Each structure stands twice: as C-alpha cells, then as structure tokens.
Amino acid sequence: MKITIPGAEAIECEGGGSLKEALLAADKQLLKSHVGATLDGERIDFHQNLAADAVVELIRWDAEEAGWIYRHSMSHVMAQAVRRLFPDAKLAIGPAIQNGFYYDFDVEAPFTTEDLSAIEKEMKRVVKQNLRFERQEISRDEARALFSDDPYKLEILEELEEGENLSLYRDGDFADLCRGPHMLSTGQVKHYKLLSVAGAYWRGDENLKMLQRIYGTAFPTREGLDGHLAMLEEARKRDHRRIGQELELFFFDEEVGPGLPLWQPKGTVLIEELEKLAKETERNAGYQQVRTPHICKDTMYLKSGHLPYYAEHMYPPMEMEGVKYYLKPMNCPHHHKIFGSVSRSYRDLPLRLSEYGTCYRYEQSGELFGLMRVRSMQMNDAHIYCTIDQFEEEFLAVCNMYSGYFKLFGIEKYVMRFSTHDQEGLGVKYVNEPDLWLKTEEMVRNALVSGGINFVEEAGEAAFYGPKIDVEVWSAIGREFSLATNQVDFVQPGRVGLKYVSAEGKEETPLCIHRAPLGTHERTIGFLIEHYAGAFPVWLAPVQAVVLPIAERHLEYAQKLRDRLKEVGVRVELADDNTLNYRIRQAQTQKVPYMLVLGDREVESSTVSIRLRTGENLDPMSADEVASMMVDTISSKMKC
RNA sequence: GCCCACGUAGCUCAGUCGGUAGAGCGCGUCCUUGGUAAGGACGAGGUCACCAGUUCAAGCCUGGUCAUCGGCUCCA
C-alpha cells in the first residue's frame, strides 16, 4: 500500500495499519511536527487506519486546521477531569468550536465557579499524565454495553446510520464514543483556559432537558492562547455597552423597561447623523420619505399576515372601545396603505417609500443584549414596489447601497446570507405557498449570481413572507452583527390588495422589496461603537472639537473661536474649568477628535494650536483655517 | 422562555465571622491662572434592586420577584 504526502517521499507500508505506524516507520519527525492530516478534504488523525492507497496532507502545528484537532482533544481532557471529580456526570456532546471547545454534561447540581477552577486543575493533571489516545473501532452492541450508563450517548448511537463505523477514543481512565480526530496524547494539549458555565438544552431544543455546558478556549501554541485572551480583554474594553456608558451615549433603565434604550444627547447625535446619511443616499436613489403612526388595528395585521405568523414577537394588543391596537413590529402594512392610497400605474413603479419609523418587537427576555437586541428600534426601513421585470435591478441597487455604506465605515469583512424557507415551516413559520417560495427564491438567486455577489445559502431563516438576504459583518472585536437586510415579499401585496395597472391595461399585483441597508439604528450604532472603539470619525463624533483656553485672560478669544466654529456647523465645546492637563485628559478620554489650545502665543499671533486625539499636534492655524479644515473633513466624511 | 452568575453612592468597585456602610472617579463650594493625559482643601450624596422569612440583630443567611451578564434558542 502506498501513502503519498505532498512535498515528502511516498511511504510504502502494509495495508490496514494506522497512519501513525506508517509515519513512524518512515520518519518519526513527521509525527512530532504535525497534529494530524486531511484525507479527501476531511480531517483525520494519526490513529486512523488506512485501508487503501491514500494521498494525505499533513497538518502542521501552526496551521488553522490544527486548532480543531487540538481543541477536540482538549474537550476530552476536560470531560475526563469532570468525570474524575463528578463520577455521576452524564456525558452529552463536546465538540471543538472556533477558538475553543465545550462539553455538555448532565449533572445533579450545576457547576459553580469554584468547580471550574477545580476542573481546570484536574485537567492539568490529565495533561501531565500524558495519557495516550487510542482509537478503537467497535460494533453497535459493544458500544451499547460500554455506554449503558450514558443515556445521551445511547441516544446518539441510535441515531447513527446502520453500517456507519463506530469508534471509541480511550485515554487512560476515560473513554468516549467519538469519531475523532484526536491528538496522540493528552500531554500535547497544554494551552487552555476554562471560560464559563452555561445552560444548554440537549440538542438545542427547549423542550428537552437543560444540560450544563462548560466553555473553554485552547490554542496549539502559548502565543495563540495569550493572543486570544488579550483579544477578549480588548473586546471587554470596546464593548458598546461599556463605551455607551463612558461616553454618555445611551442607557437602559429598570423603570422604563428592558430592551428600551434611552438615548442621551451625545448618542442622539449619532442617530441624527446616520439618518442624515440615509436620507441623502436615498434621495439620490429615488426614494420618497413618508411617516406613519406607531400603532395599528388588529384587522390590518390579520390581513398582512403578521398576526398569524409573527404574533409571538409582538407586544400584546391594547383595547379601546372594543378595538384592538398593536404597536407596530414593522412598517410594511402602513407603507402598503400609502401605496394603495391612490391608483397606481406601471409608470409609478418602482415606487420607493422610506421611513425611519420606530418599531416595537417583543423579544424574549433572554435575548436582550445591549443595543444589539432591543425591543424598541428605529429601522432604516423602506419598501420598494416594483414589477417582476424590475426586481433584479432594484434588488441589486439595494445591495450596492449597503456596500457603499460598508465602504464608508471601512467594513471589509462581510458575508451575505441568503435565507430560504424550509419545508417543515410552511404554514407555521412561513406562509404556505410552496410554489411561490421556490419561484421567488430562484429569482433572488439569479439576481445575486448576475450581480456577481458572493453569498451563502441557508434554509430555514427566511422571513414569513419571503426569502431574504442578511449581511453579516464583524466588529473589530470579532463580534458578529447582522446589519443590512434585503427581503422579497410575494405575499403581503396580494393579501392587502395592492394593484397597479400594467401597460396592457391589466390589473397586476406588485412585488415588494423590504430593505434596511443600515438595519436598525440601534444595532448599527452598537456596531460602530465597537468598530471605532468610541473614537468616531469627525462627521459622527458627538463632540467634534473642544476649545481649551490656557488662562482666564484667553477666555474671550476662546469664545470667539468657539462661536466661529459653531457658525459653520461644528459641534464644539469650550472647557475652561480646572487645569489644562485635566481638560486635555477629559477630552482625550471622551475621544474628541480636535483639541484647540490657545494661550498668550496664540492670542498674539491670532492662531490656534491643534492637538488631535491621536496625540499628534498640527501646525498652528488661524480661526478661519481651522474652521474650513474642519468643514472639509466633516463633509468629506474623512476619519480625522 | 429556560440554565448559571450577579445586583452596595451618578459611575467603577471594596465590605472578613450576621453587630446597622467605605474608596476612587464624578458632582458642589473654595483656593490655584495653568502650555498638551488627573493641582489642592472641604462638602453633599445610600430604603445595600424589590418583597417576604429566619434572628436580639440581615448588605451578608433562606424563599420569591425584577433587572443585568454568559449561554441555549430566535432574530434586524
């Protein structure tokens, strides 16, 4: 039998042996410098038996792939430690995940923080013992006997296909039903840290038992782990909730209610600036602004389909004089009414109606998270009514709109997620129109392909009225945000009776595109806070400049400068309390882009000294020069 | 909604064994008139999230409620 390794000599060996044996015979060094291999695109470990000639690519320690094998073994080490300390713990599953691993246990009493450190210590012992991992192929009956005390393993066993190879990994006193891959021994996995305990439903199903999940992080190298831990620390600092507090942008209040943000003056500036940006962009793209009320009668939502399919996300109705009113979860029904308010012809299409209306959704209490998931939100919303022929162009124009925004914000990494329906949800999660679903999904797919847009397709995440595109972006600290959304609606226009007269004089139902390229203002600002770490580009910065007179005798000159900047529209403050050092520190921690310092020298030469928040100093300028420089920077939306 | 943890001054947090509450920042007043990341002094500020219970006595122990955190799940 022949094993081919790209970049190395082929190995001749007897059939049926493990990769480890083959490598050992050829070159021991290969085992030391690698953690596993890929075979036909799948990760395998050295324990794997090779039946026939194979081409394997070895995975080096520093390869991205290495982490997955490493972390998988790490999760076994943790489970082993848990089993030693809590012999009654029932094992569920324990996979490797991005940057870490977890294992789910069924235990009588939930783990405490002290338990975590005890487990971490025990893991150290397991590592030190350097127990060899051994792989063993077993039959179904053997597996049943071995795991007779582990109900979750038995359940997994029953669901594995007949004829599938079952394998067992053993290291010392621990054995787990597992398909691998694994490292050679527990001594190889040293760099880890347990992070948290969390409840997790068995199979993610809230009807099933809640298990205890322990999360950990692990990296093949010390540097990798340290880097990741430093990243987590940085993430803590950039957290939008923390910065929102520090910069006085927004807050939540118990008496007002969970998920209902209150925007302070400085945070409101951010919202206003975003709105200004959106209005300008949309005016240029042929949108018209509309305004509609925050509440709506139940009859409308019955017709639109919100009540049948979306009720669990809506606040319960208020009843007045026998009529039920709901807080609006979306703007669409109101916009549909505006579409239908006059007779429309094909000449009116596409008709684009936009509104930054505040919507209310009842998100489950456990879902709330800072500005990311709130219950009152301002959507960057618009509805485009068009013909089927116009669909592709309109759809792609929306995609271009958000890539324009992404460019402005310097978002480079993003993924388009194309969410389609899944068969089982028809009539429950989604309206029951199988043919229309397929047809519309095809239309979206074609538009994406013809626009040359990269996307990933995912079944089961569509809106109730149609397929959608979400754009996922990552903030500087790696948090994932679903910002833009672009959805096709083949249902509501028909349900609420929207019509236009075609060129042939026939009544037709328009198609509707729901789109929110900036998602909700709440989430977008949450993202921008983390993206910029609170140091917003000048055009967004709540305070763009602070004037700092050195002594009281410079106050008059300072006031003049402030007034000059105010005149040209700069958000400027004057700070004349306390010492200069103190005021500079204040401006610095508030991340104000420009600090304008003036004392005797500046008064005499009619100039201003400029300190940037980066610590850098610009050459002194006259008041007019400062004003025009700032106006230019702001209008061009440059960073600083 | 469910599981864990947590809730003390406007903010960040100490508070030992159950004996009735502290710091720093911020805020106010005064002194200081300063040259690029905290000048100094004094002062005000608390129903220890809320409701019950145990106890001679509860910030601390027990139960419940609410909020927040990390997850499960869902979503923009």
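Nothing here was measured: the structure is a model prediction, and the numbers come from that model. Numbered from 1 within each chain, the chains take letters A, B, ... in sequence-line order.
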**Request:** Assign A:Ser196 to base, sugar-phosphate, or nothing according to its heavy-atom contacts below 4.0 angstrom with the strands shown.
**Result:** sugar-phosphate
**Request:** Classify the ring geometry between A:Phe464 and A:His306 as parallel (under 30°), tilted (30 to 60°) or perpendicular (over 60°).
**Result:** perpendicular
**Message:** Is A:Asn578 close enough to B:rG34 that one of its side-chain N or O atoms is under 4.0 Å from OP1 or OP2 there?
**Reply:** no
**Message:** Under 4.0 Å from OP1 or OP2 of B:rA38: is there any side-chain N or O of A:Arg583 that close?
**Reply:** no
**Message:** Taking any heavy-atom pair under 4.0 Å as a contact, classify A:Arg611: base, sugar-phosphate, or nothing.
**Reply:** base
**Message:** By the 4.0 Å heavy-atom rule, please label A:Leu483 as base, sugar-phosphate, or nothing.
**Reply:** sugar-phosphate
**Message:** For the P atoms, the ones on B:rC3 and on B:rU65, what distance do you get once it is rounded to whole angstrom?
**Reply:** 10 Å
**Item:** Within 45° cone of A:Tyr362 ring axis and under 6.0 Å: A:Arg375 NZ or CZ
**Value:** yes
**Request:** Would you mind classifying the nucleic acid contact of A:Glu363 as base, sugar-phosphate or nothing, using non-hydrogen atoms under 4.0 angstrom?
**Result:** base
**Asked** What is the nucleic acid contact for A:Gln487, judged by heavy atoms within less than 4.0 Å: base, sugar-phosphate only, or nothing?
**Response** sugar-phosphate
**Item:** Rounded C1' spacing from B:rU29 to B:rG45 in Å
**Value:** 15 Å
**Message:** Counting the atoms with a prime plus P, OP1 and OP2 as sugar-phosphate, which does A:Thr579 contact under 4.0 Å by heavy atoms, base, sugar-phosphate, or nothing?
**Reply:** base
**Prompt:** Quick one: are the ring centres of A:Tyr310 and A:His313 less than 6.0 Å apart?
**Reply:** yes
**Message:** So A:Met379, base contact, sugar-phosphate only, or nothing? Heavy-atom distance under 4.0 Å.
**Reply:** nothing
**Asked** A:Tyr215 side chain N/O closer than 4.0 Å to the phosphate oxygens (OP1, OP2) of B:rC72?
**Response** yes
**Message:** Between B:rA9 and B:rU47, how many Å separate the two P atoms, rounded to a whole number?
**Reply:** 9 Å
**Message:** Within the structure provided, determine whether A:Phe105 and A:Phe111 are in side-chain contact (heavy-atom separation under 4.5 Å).
**Reply:** yes
**Message:** In whole Å, measure the gap between the C1' atoms of B:rG40 and B:rG34 for me.
**Reply:** 14 Å
**Message:** Under 4.0 Å, counting only non-hydrogen atoms across every strand here, what does A:Thr524 touch: a base, just sugar-phosphate, or nothing?
**Reply:** nothing
Pull out every protein N or O sitting under 3.5 Å from an N or O of nucleotides 66-69 of chain B, one pair per line with the distance.
{"unit_1": "B:rC69", "atom_1": "OP1", "unit_2": "A:Arg241", "atom_2": "NH1", "d": "3.1"}
{"unit_1": "B:rC69", "atom_1": "O3'", "unit_2": "A:Arg241", "atom_2": "NH1", "d": "3.4"}

**Prompt:** Say you pick atom P in B:rA38 and the same atom in B:rC25; how far apart are they, in whole Å?
**Reply:** 13 Å
**Asked** When all nucleic acid strands are considered with a 4.0 Å heavy-atom cut-off, which category describes A:Val107: base, sugar-phosphate, or nothing?
**Response** nothing
**Message:** Please give the distance between the C1' atoms of B:rU12 and B:rG63 as a whole number of Å.
**Reply:** 31 Å
**Message:** Any base atoms under 4.0 Å from A:Gln245, or only sugar-phosphate, or nothing? Heavy atoms, all strands.
**Reply:** sugar-phosphate
**Request:** Give one of base, sugar-phosphate or nothing for A:Ala200, where a contact means two heavy atoms less than 4.0 Å apart.
**Result:** sugar-phosphate
**Request:** Determine the Euclidean distance between corresponding C1' atoms of B:rG46 and B:rC13; express it in Å to zero decimal places.
**Result:** 15 Å
**Message:** Counting the atoms with a prime plus P, OP1 and OP2 as sugar-phosphate, which does A:Phe481 contact under 4.0 Å by heavy atoms, base, sugar-phosphate, or nothing?
**Reply:** nothing
**Prompt:** Do A:Tyr385 and A:His335 have side-chain atoms, one donor and one acceptor, less than 3.5 Å apart?
**Reply:** no
**Asked** What nucleic acid atoms does A:Gly366 come within less than 4.0 Å of, heavy atoms only: base, sugar-phosphate, or nothing?
**Response** base
**Request:** Establish whether the base of B:rC74 is bridged to the side chain of A:Arg373 by a donor-acceptor pair shorter than 3.5 Å.
**Result:** yes
**Spacing of the P atoms in B:rG7 and B:rG59 (rounded, Å)** = 15 Å
**Item:** Test log, rule side chain to side chain contact (heavy atoms under 4.5 Å, CB included), inputs A:Thr440 and A:Tyr465
**Value:** CA-CA 11 Å; A:Thr440 326; A:Tyr465 44 69; over 6 Å; no
**Asked** Any donor-acceptor pair under 3.5 Å linking the side chain of A:Glu120 with the backbone of A:Leu194?
**Response** yes
**Item:** Aromatic A:Tyr102 / basic A:Arg71 pairing, under 6.0 angstrom, 45° off normal
**Value:** no
**Message:** What contact category does A:Lys209 fall into here, base, sugar-phosphate, or nothing, at under 4.0 angstrom with non-hydrogen atoms?
**Reply:** nothing
